[in-house]
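Note: hydrogens, waters and symmetry copies are ignored here, and every other heavy atom, side chains too, is used. Naming: A, B, ... by sequence-line order, numbering from 1 per chain. Here the structure is a predicted model, which is why all the values come from computation and not from measurement.
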There are 2 protein chains.
Amino acid sequence: MKDTQVKSGSAEYVAEAIELAIHEHRLIPGMKLGEDELSEVYGVSRTIIRAALQSLSHNRLIELKRNRGAFVAQPSVAEAIEVFEARSLLEPRTARSAAERMTEQDILSLQNHIDAEHTAIDNGESGRALYLSGLFHIEIARIADQKTIAAFITQLISRSSLIIALYWERRAALCESHAHHALIEAFRNQDGDQAEELMKSHLIDLLTSLDLRSRKSAPSSLHEALKS
Amino acid sequence: MKDTQVKSGSAEYVAEAIELAIHEHRLIPGMKLGEDELSEVYGVSRTIIRAALQSLSHNRLIELKRNRGAFVAQPSVAEAIEVFEARSLLEPRTARSAAERMTEQDILSLQNHIDAEHTAIDNGESGRALYLSGLFHIEIARIADQKTIAAFITQLISRSSLIIALYWERRAALCESHAHHALIEAFRNQDGDQAEELMKSHLIDLLTSLDLRSRKSAPSSLHEALKS
DNA sequence: GTGATCTAAATTGTATACAATATTGTGATT
DNA sequence: AATCACAATATTGTATACAATTTAGATCAC
C-alpha cells in the first residue's frame, strides 16, 4: 500500500489518479483537463496523458471534444436516469449471486468498507465517504465472480458519482449506510431473495433522492461559469 | 459504401475497420496485430494505430500484452458464459422496452436487417451474416432508447462474435433467423411480455448451441498453433 | 461603446525519433 | 547433436517536434 518507489508513469496510473479525483469530487463536472497541465502534474509526456484521457473517455468520466480538449463529463438528466436503469438491471441480480456465494471473508471485507465509510463521514470527508460507498457496490460484483458484469457496474458507479455531484440534494450519505447494513445482514444469511430485493429498493432510493430539476455544483472556473 | 475520397485517418476509422474484420471472422482469435503492419495498411502513423488498438482493447476485442503487442482476443469458456449471462440480464428487458416503443419505421428497419442477413446467407457470406445478426440485437437496444445499455450490449455482441468464432458448432445460422422472425412478430404486436420471453430463450439457445469443450478455429499462424 | 475582423498565442492532432524490451539467430561449449 | 550465452534484429514504449485548429486579444469601423 506504500508508494515510496515512484512507480507512477504508465497511463493506467494517471487514469486512476484522475478517476479518484473525480470520485472524490475534487474534479468537478465541466472542468477542463488540459494536456500540458496534466503532463506537468504527473511528470510524463502528453503521450501518456492522452492514453489516460482516452481510457477515461471510454468510461464516460470525461468528454473528449475534438480539437477542444478533455472535460469532466456532465451527465444530462436523461443520462442519469439511464445509468440508474442500467444499474437496476444489473445490480439486484448480482447481489443475489453474491449472497449465494458469500464467504466469511467476503462479509468481513464488506464490513471493512462500511467501517471505512463511517470513519470518513466522521472526519467530514464526504467525498471520500461517497467513493467508499461506491466501492461497496463494486465489491459485491467482485464477490459474485462475474468479471464482465462487474466491469459494467464499475463504470456505472463511476458515472453515478458524477451524477451525484451534479444532482445530489442531501449530502449526508447516512441513509445509504442503513441500506448497506441491511444488505450485509441479508448476505450473512445468504438470503439471495432479500439481497436482490434490498438492492433493488436501494437503487430506487438513490435515484429518487436526486433532484433532477436543477444542477447543483457550479462549473469549475469563473470562465466556465460565465460561458455555460 | 464507396471510399473514393480517402477520409480515412482518425483512430476511430481504423478501430471500426479492424472491428468489422473481427466480426466477419477475417481476423481470427489469437492473431497478432503488429503496429507497423497496421500502420502501413491504413496509411497512418503508429500514433493513430495505437489509439485504435487501445479502444479495441477496452472493448475486449483484442488483448494488449505489455511489450508484446496486440492480439485478437481469445475468450475463455468462463468468459463466454459470463458474456451470455450479462446479455441475459440486459437484453430481454431491453427487448420489452423496445416492443413498447416500437414504431412502424423501427419494424421496417429490423426487417431490413433480417433481409440483408438472408441475402448474405444465400451468397455464402456466413461471416457477414453473423455480423448482421448481431446488428439486429444492437438495433433493438437502439430502439429501446437506452444509450447506456445499448453500449453495453454492443460490446457484448462484439465479444459474442469472438466466442462464436471459437466455440460455434453448426455454422448455418438458420435457427437464429427463426428466433429473429418470432421477435419481429412480437414487436409488431407491441407485446412486451412475449418479446422479453423470446429474447430470453433465444439467448439460452445461442449459449447451448456452443460447444464449450473444444475450441474450433485454429490459431492464426503456424507459430501460434504450435505454441498454444 | 459595440461589434466584426484579423493577428498572435495557446492547445490539440499527428508524425517521427529515440529508448527499452522482447525475439530471433548465431556460435561456442559440453 | 543439444543447450546455453550472447549478439543482432525487430517490435513496442515514450518523448519530442511539427502541423492544424481553436481561442484570445487587439485593432478598426460603425
Side-chain angles (χ1 to χ4, degrees), chain A residues 5-18 27 30-74 219-228, chain B residues 3 5-18 27 30-58 60-74 219-228:
Chain A
Q5 176 84 13
V6 182
K7 74 96 187 252
S8 65
S10 79
E12 237 175 277
Y13 175 85
V14 173
E16 277 176 29
I18 296 175
L27 288 177
M31 265 191 178
K32 169 78 184 279
L33 300 174
E35 295 182 0
D36 281 326
E37 196 178 354
L38 295 171
S39 178
E40 275 218 1
V41 170
Y42 294 107
V44 293
S45 78
R46 279 178 51 219
T47 307
I48 306 294
I49 299 298
R50 236 142 191 292
L53 291 178
Q54 242 200 303
S55 169
L56 292 169
S57 159
H58 204 273
N59 282 336
R60 306 282 199 142
L61 261 73
I62 69 173
E63 197 175 342
L64 238 39
K65 300 183 184 175
R66 178 158 186 107
N67 287 322
R68 301 272 322 276
F71 302 82
V72 179
Q74 297 182 291
S220 58
S221 64
L222 195 61
H223 179 252
E224 269 294 323
L226 304 180
K227 241 194 158 175
S228 66
Chain B
D3 256 357
Q5 176 84 14
V6 182
K7 74 99 185 252
S8 65
S10 79
E12 238 175 275
Y13 174 85
V14 173
E16 278 175 29
I18 296 175
L27 289 177
M31 265 190 179
K32 169 80 183 280
L33 301 173
E35 296 182 359
D36 280 327
E37 197 178 353
L38 295 171
S39 177
E40 273 219 2
V41 170
Y42 295 106
V44 292
S45 79
R46 278 179 51 220
T47 306
I48 306 294
I49 299 297
R50 231 141 197 290
L53 291 179
Q54 247 199 296
S55 169
L56 292 169
S57 159
H58 205 242
R60 307 283 199 138
L61 259 74
I62 69 174
E63 198 175 342
L64 238 40
K65 300 184 183 175
R66 180 160 183 104
N67 287 322
R68 301 273 321 278
F71 302 83
V72 179
Q74 297 181 293
S220 57
S221 63
L222 196 62
H223 180 253
E224 269 295 322
L226 303 177
K227 233 187 167 181
S228 65

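In this structure, the NZ atom of B/Lys65 is 15 Å from the C1' atom of D/dT11, given to the nearest Å. Atoms OH (B/Tyr13) and P (C/dT14) sit 15 Å apart, rounded to a whole Å. Following rounding to the nearest Å, A/Glu63 (CD) and C/dT12 (P) show an atom-to-atom distance of 15 Å. Following rounding to the nearest Å, A/Glu37 (CD) and C/dA10 (P) show an atom-to-atom distance of 14 Å. Counting to the nearest Å, the P atom of D/dT11 and the CG atom of B/Leu53 are 15 Å from each other. With rounding to whole Å, B/Leu64 atom CG is found 16 Å from D/dT11 atom P. The separation between B/Asp36 atom CG and C/dT23 atom P is 16 Å, rounded to whole Å. Per the geometry, CD belonging to A/Glu12 stands 16 Å off C1' belonging to D/dT14, to the nearest Å.
Here the closest heavy-atom approach between residue B/Leu56 and residue B/Ala15 is recorded as CD2-O, 3.7 Å. Residues A/Gly69 and A/Lys32 share a closest heavy-atom pair of CA-CE, 4.1 Å. Summarising the geometry of A/Leu53 relative to A/Glu35, their closest heavy-atom pair is CD1-CG, 4.1 Å, with the distance given to 0.1 Å.
Considering only heavy atoms from C-beta on, A/Leu27 comes within 4.5 Å of A/Leu33 through its side chain. Put simply, the side chain of A/Leu38 reaches to within 4.5 Å of the side chain of A/Ile18, judged on heavy atoms.
Put simply, A/Lys32 has a side-chain N or O that comes within less than 4.0 Å of OP1 or OP2 on C/dT12.
For the pair B/Ser39 (side chain) and B/Val44 (backbone), a donor-acceptor distance under 3.5 Å is present.
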Protein-nucleotides 15-22 of chain C N/O pairs closer than 3.5 Å?
residue, atom, partner, partner atom, Å
C/dA15, OP2, B/Ser45, N, 3.1
C/dA15, OP2, B/Ser45, OG, 2.8
C/dA15, N7, B/Thr47, OG1, 2.6
C/dT21, O3', B/Asn67, ND2, 3.3

